[in-house]
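Every chain is numbered from 1, with letters handed out A, B, ... down the list of sequences. Only heavy atoms go into these numbers, but all of them, side chains included; no hydrogens, no water, no symmetry mates. Because the structure is predicted, anything quoted here is derived from the model rather than measured.
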There are 2 protein chains.
Amino acid sequence: MRPPTIRDVAERAGVSKSLVSLVLRGSDQVRPEKRQAVLAAVEELGYRPNAAARSLSERRTRTVGVLLNDMRNPWFVELLDGLGSRLHDSGLHMLLADGRLNRRLGEDLTHTFTELRVDGLIAVGTLPPSPALRTAAGQIPTVVAGAREPVLPRMDIVAGDDEHGARLATEHLIGLGHQRVAHIAGQGVVGELRRRGFEAVMREHGLADTAIVEQGDLTEEGGYRAMVRLLGAAGRPTAVFAFNDIAGVGALSAAEELGLQVPRDLSLVGYDNTYLSRLRHLWLTTVDNASHDVGRRAAQCLLDRITAPDRPSETVLVTPALKARGTTAPPVTSGRRP
Amino acid sequence: MRPPTIRDVAERAGVSKSLVSLVLRGSDQVRPEKRQAVLAAVEELGYRPNAAARSLSERRTRTVGVLLNDMRNPWFVELLDGLGSRLHDSGLHMLLADGRLNRRLGEDLTHTFTELRVDGLIAVGTLPPSPALRTAAGQIPTVVAGAREPVLPRMDIVAGDDEHGARLATEHLIGLGHQRVAHIAGQGVVGELRRRGFEAVMREHGLADTAIVEQGDLTEEGGYRAMVRLLGAAGRPTAVFAFNDIAGVGALSAAEELGLQVPRDLSLVGYDNTYLSRLRHLWLTTVDNASHDVGRRAAQCLLDRITAPDRPSETVLVTPALKARGTTAPPVTSGRRP
DNA sequence: CTCACCTTATGGAACGGTCCACACCATGAG
DNA sequence: CTCATGGTGTGGACCGTTCCATAAGGTGAG
């Protein structure tokens, strides 16, 4: 029992397969009664077009591949939402693949996607450098969403304005009255940008001397350890701006384990506005990087590049916004400051 | 500039397209020097087989579709990991799709998957009832993973043993000395099973009278509200077993807002062992439902059903394990018990 | 009446693979 | 010398669509 084909439908409706094809693709060159007959036959047989045959013939798949780095860190969910809705409007499907999952298996997802002949590629977040992605991007329209690297010709970048976001977070803390502010830094270009935003604002407020940067990473553990180091050193900060929410949560744990009350004794800001930060038990002040918007614009960008593959590369930055929640407050005025 | 086809490779290597096909599919009926010539041509041209053409001809896609309900609740990540690794061993790819995302767009993913002619379907977690899934399951080998419904002919179920897991959680609490134990219940068959496990153990320990069940849902908000109700009523429990980690985190917030210290004044157990529960700031005692194993077995089950579509339905239950962390402790012995 | 033309329908050639049936060429047995 | 044998290689049908070139039939103008 093989699934019915367009020929089965044609036979049942008493027309040629070409006419069935016309009807299914919405041509207006068909007499209404024939159209009805075809649609009825489709219904009766439960016909579904074969995507492989269609894309073989049309020489496109109406599908874009989405490369994800790690599903465990949920910051990208909103982004995917925006991405999907815009793509859907243009009749494109989204194929998700978690790179970490497959890389462990020694499989390169870009290979899979090129074999599938996806019409486009979206790299979500910073991916480990891969020559295969480079090659793929040379052949398939590609957009990086929510990250700033790699920068390659014929490839666009859509991301939140990390430097601006970091500035917002830092200004928020300074605005509350904090002077000794620390930053738990992340890696890569994004880490660099957020650090730069932090340092710039501190400098502008004449606080360059009391600005502390502690290297962390993108994990809870990294945030925890960085916070332990920060609080163990002399001149401990009264406020900390963490690279992202996960690191922020780690930092939160460290602070509380060392007997500090947040936000009374220490203010803390994260980044990404993940649902983690929205949990009322954490209620983390954070920076919303407008991921939904980033996703939508990345989709738009990809659509544009699909229609004009050779146009110059573009970098779109979306403006983030501060999301003040429960982990930031003015510092307690202690007399022991120098 | 179209991507090279098997004919281009053949021409370059000076052989027929059939021979190229043989080489690429690893036949041993080919003379080594010809094989080398073909492989060299493949390399030089950067040839990648066209998946659409291949699956059209082979009449299978080597791809299974994975239906996900909601990426925001991360319990399934481990499951996907197990699923992916087992499928990969059999040369199958995984196509992920978030149902919630697409349902909002009025698109039915099962349609997409049937058009793609995926070789199999995995429904992860409890999905909203859909006649389309029913139809799809009738035509495509389908396995439900990490849920207990829907039950349809020619469809297998692989899940954690929820009743047993609930028993573990409840016994853990009773073993610590708790007598007034409450359960924040979930919905659906899984919710039912966990509640049943809870009630059975309470009964077995002669605690049926002090067993409280409060209806929640699968969200943080639901857990929060259920906990508020529990703590507001008379005979407040000293321990609570929540349907899942997310609800547990909500419950945790409620308890702390009402001035209770966890675990001193109240013990709390979640379910799923998500990374949420592993955050040191929450450090939630929970039940590990061996998702990785569930994933692997679901994959195995699907492979079996693909080879024998008509064999009787099977239900595989994987044994969960308690993960004791920081939110459970013996109750403080207060004199005011009746 | 003839012819151009428009609308509607059709056959058949792609699309890029797989795989079957068959051809070719040594080789060695009868 | 002939003929089965077996290892290698090839042509071509087929998978299920799309779409182009063209046919059939009706209509109105000249």
Bending between helix ends of the helix from C/dC1-D/dG30 to C/dG30-D/dC1 [5 pairs per end, 10° resolution]: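 Taking five pairs per end, the axes differ by 70°.
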Rounded to the Å, how far apart are [X] [atom1] and [N] [atom2]?
X: A/R48; N: D/dT17; atom1: CZ; atom2: P; value: 12 Å
X: A/R54; N: C/dG17; atom1: CZ; atom2: C1'; value: 20 Å
X: A/R60; N: D/dT17; atom1: CZ; atom2: C1'; value: 14 Å

B/D161: partners by salt bridge (charged side-chain N to carboxylate O under 4.0 Å, His left out), with sequence neighbours left out: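 Residues passing salt bridge (charged side-chain N to carboxylate O under 4.0 Å, His left out) with B/D161: none at all.
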Those residues that, when tested against B/R62, pass salt bridge (charged side-chain N to carboxylate O under 4.0 Å, His left out) (two or more places apart):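 Salt bridge (charged side-chain N to carboxylate O under 4.0 Å, His left out) check on B/R62 returns B/E58.
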Contact list for DNA chain D against residues 24-32 of chain A - heavy-atom distance below 4.0 Å: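 Hits under 4.0 Å, by residue number: A/R25.
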List the residues meeting side chain to side chain contact (heavy atoms under 4.5 Å, CB included) with [X], not counting sequence neighbours, and say none if there are none.
X: B/R117; value: A/P3, A/R48, A/N50, B/T61
X: B/L45; value: B/P4, B/D8, B/V9, B/R12
X: B/V77; value: A/M71, A/R72, B/P74
X: B/S90; value: B/R86, B/L303

Test item: B/D81 side-chain N/O and B/H292 main-chain N/O as donor-acceptor pair under 3.5 Å: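 Between the backbone of B/H292 and the side chain of B/D81 there is no qualifying donor-acceptor contact (under 3.5 Å).
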Base-contact (B) and sugar-phosphate-only (S) positions in nucleotides 10-15 of chain C, heavy-atom cut-off under 4.0 Å, - elsewhere: BBB--B
Sequence neighbours excluded, every pair satisfying salt bridge (charged side-chain N to carboxylate O under 4.0 Å, His left out) that has a member inside residues 289-303 of chain A: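 Qualifying pairs: A/D293-A/R296, A/D293-A/R297.
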Side chain to side chain donor-acceptor pair (under 3.5 Å) pairs, two or more places apart, involving residues 133-152 of chain B: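 Side chain to side chain donor-acceptor pair (under 3.5 Å) check on residues 133-152 of chain B returns no pairs.
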Residue pairs fulfilling side chain to side chain donor-acceptor pair (under 3.5 Å) with at least one residue in residues 151-160 of chain A, sequence neighbours excluded: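 Pairs touching residues 151-160 of chain A that pass the test: A/R154-A/D310, A/D156-A/R305, A/D156-A/R311.
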